[in-house]
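A quick write-up on the structure given underneath.
Only a predicted model underlies this, so the values are computations on that prediction, with no experimental measurement involved. Chain naming here is simple, since letters A, B, ... match the order of the sequence lines and numbering starts at 1 in each.
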Amino acid sequence: MTFLRIGVMNELQYRANFFLQIIQSVVAVGTGLIVLALIFSQTDALDGWTRPQLLAVLGVFTMVGGVIGFIIEPNMGRVMADVRQGTFDYVLTKPVDSQLLVSVREFRLWKLTDVIVGAGVVVWAVIVDDAPTGLANVAGFAVSLLAGSLMIYCVWLMLTTGAFWFVRMEMLQELFTGLYRAGQYPVGVYPGWLRAGLTFLIPIGFAVTVPSEAVTGRLTIGRLAVAVGFVLFLMALTRIVWQWGVKNYSGASA
Amino acid sequence: MPLIDVRDLSKVFEVPEREPGLRAAAKSLVRRKTRDVRAVGDVSFEVEAGEIVGFLGPNGAGKTTTLKMLSGLLHPTSGELSVLGHEPSKRERDYLSRITLVMGNRNQLQWDLPALDSFELTRAIYRLREAPFLEQRDELIELLDLGDLVNKPVRNLSLGERMKAEIANSLLHRPSVLFLDEPTIGLDVVMQRRIRTFLAEYNTRHDASIMLTSHYMADIEALCERVIVIHEGSLLFDGALGDLSDRFAAHKTLVVTLGEAADLSGYGEVVEASPTQVTLRIPRGDTAAVTGRLLAEQPVTDLTVEDPPIDDVIELAFASGDS
């Protein structure tokens, strides 16, 4: 769409970012690999996950992180900035769905390198693990990856709606990025209370662990159905929260 | 049916109230005290198609709140509101594609890209077909004298140039109702005049209604035959700009040119006097009588009757709202 084109054009203004981003993606994945090597120098399996399987988790984690950086984080940041500066008024005077509009205004093209690097790691993991690569597995992976990204989008947007009341919400971004790091490992490795929080409150567990299970052939159809159902529920809830927020929005006064 | 129909419109905001100081701040974390502030109270007016209405009032009078209710951003607390047959707060697609809101101090063009690219974005949002879009775009570029500026990144434009580009961007969908909140704020006199001329031109070309707020009386005088004055949320005056002084200015100014020096202090308050020219301030109601006497009794060679400057009248109007 036009928005994507404009976003890309905006990014092309700053070409140096592209190379920086590649370096950053490679360094991040490299660090992840080193940590994995350290873990497996002590043990053979982490909560039943073998080395190639954890490699898959790292790959998925990097991919979802790329999706977040590509579209979710910049758009949500823009909403907060708009609310603070009063330019959110312009969003609400446009004859399009406001939720859709605020979700597709910004793109950080170079963050897609994370998606590509992450996909590379996933493929590598599949080869090393000799995991099944049937159509069902690939489809399960695609569906769960999409579901995972949508979950994170929903939760982030609901939190962003808080900006209508509290205006200053930047620390939210930081908080979310910090918590997202927890997704580097399967949620199963965390103690029960944290696992529940990471799965349902901030569905990072779902977003990263479920696609990883798909890659390594551990995903059952039942679990996938739960994930899809949860996404649909979150999307409906997000819609309600957003509309309620917009209705209560009083705007930064002139 | 009038294009804009406002009946007993009110808006009450609930605002947190808190005393200064750390302790009060901590207390308000637990229990927030709120206070109702009436931003707009029982305002009624109508605007017909093609009218340009100036919306006047000091800061905080409720102008922006009213414009925001008209453009669907805020839900009225009470009262009725209809624009183009729609209820604005429903924010229906058909309604929003026929209005526009421009706020002089808030930008919506993409900062790093030329305005032309932002225009494309606007086209996508409003789903404009290519031919009418290009026609409208080129007309706006011409009328606003934008020329090559639309090819430069917005960040490289001057404030005035940027405002012109913003206005063009806001009118690409050819709205028939324009809500303009301080569109000329911060601009130099030449640029203000340019935008004024443009608005008048747009108004006649497309028979568009314009509601405009501005702190520059020159904007209002040049564009608006009718003004609505609000103060502390209430409507003080609604009528022709010329009638504003009849209503609020209790005095008129007489400038008398004399053939030979004379003492005119018996006719009114002397504001300024040189041997041959005297400026008098007289009560509005006495104008005819005093001029008659002056012409009969004094060696008058020329005499003009003036209303006080519009800025002073507005000030008087606001002051009357205070009392």
Side-chain angles (χ1 to χ4, degrees), chain A residues 1-17 74-75 77-79 81-110 164-168 242-254, chain B residues 11 13-16 37 39 59-60 62-65 67-68 70-75 88-89 91-114 117-127 153 155 166 169-170 173 175 179 181-182 185 213:
Chain A
M1 265 200 356
T2 315
F3 277 106
L4 185 59
R5 216 169 52 98
I6 299 283
V8 170
M9 277 158 46
N10 252 324
E11 285 280 275
L12 291 175
Q13 301 253 330
Y14 304 100
R15 233 176 339 171
N17 285 359
N75 278 300
R78 170 91 182 268
V79 172
D82 274 350
V83 169
R84 207 175 49 244
Q85 292 159 10
T87 36
F88 190 73
D89 290 355
Y90 287 130
V91 171
L92 294 181
T93 50
K94 296 289 182 289
V96 282
D97 185 86
S98 57
Q99 186 188 339
L100 182 69
L101 181 61
V102 301
S103 305
V104 296
R105 287 185 301 170
E106 300 270 329
F107 299 94
R108 298 277 174 275
L109 184 66
W110 309 138
F164 295 155
W165 288 274
F166 304 111
V167 182
R168 297 201 75 89
W242 176 258
Q243 279 172 345
W244 181 55
V246 163
K247 204 171 168 188
N248 280 284
Y249 167 74
S250 53
S253 180
Chain B
K11 178 71 193 178
F13 287 111
E14 202 177 72
V15 295
V37 173
N59 290 330
K63 301 180 303 255
T64 303
T65 305
L67 284 189
K68 281 184 172 183
L70 287 168
S71 50
L73 288 167
L74 291 176
H75 291 240
S89 62
R91 297 183 35 241
E92 289 155 306
R93 217 161 266 201
D94 178 51
Y95 176 62
L96 294 177
S97 39
R98 292 171 67 191
I99 64 156
T100 201
L101 170 71
V102 177
M103 294 174 283
N105 46 2
R106 294 176 192 171
N107 312 316
Q108 51 182 338
L109 295 170
Q110 299 274 322
W111 190 247
D112 287 326
L113 297 178
D117 290 322
S118 290
F119 293 173
E120 281 297 324
L121 213 58
T122 303
R123 185 191 154 200
I125 290 174
Y126 285 93
R127 298 187 196 152
R155 61 165 188 263
E166 287 280 350
N169 185 51
S170 309
H173 58 293
F179 300 116
D181 197 6
E182 303 279 350
I185 198 161
T213 76

Minimum heavy-atom separation for [X] to [Y], with atom names?
X	Y	answer
B/Y126	A/K94	OH-CD, 3.5 Å
B/L73	A/L92	CD2-CB, 3.3 Å
A/D89	B/L101	CB-CD2, 4.5 Å
B/S71	A/T93	O-CG2, 3.9 Å

Identify which part of B/E120 has an atom lying under 4.5 Å from any heavy atom of chain A, answering side chain, backbone, both or neither.
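For B/E120, backbone and side chain are both near chain A.
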
Interchain contact, B/D94 with chain A, by part (heavy-atom threshold 4.5 Å):
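Answer is neither: B/D94 stays 4.5 Å or more from chain A.
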
Heavy-atom distance under 4.5 Å between the side chains of B/N107 and A/T87, does that happen here?
no

Options B/Q108, B/R93, B/H173, B/Q110, ranked by heavy-atom pairs under 4.5 Å with chain A, top entry:
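Greatest number of close heavy-atom pairs with chain A: B/Q108.
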
Distance from B/I125 atom CD1 to A/Y90 atom OH, nearest 0.5 Å?
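Reported to 0.5 Å precision, the distance equals 13.0 Å.
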
Which residues satisfy the side-chain hydrogen bond (donor to acceptor under 3.5 Å, both in side chains) test with A/S98, sequence neighbours excluded?
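For A/S98 the side-chain hydrogen bond (donor to acceptor under 3.5 Å, both in side chains) partners, ignoring immediate neighbours, are A/W242.
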
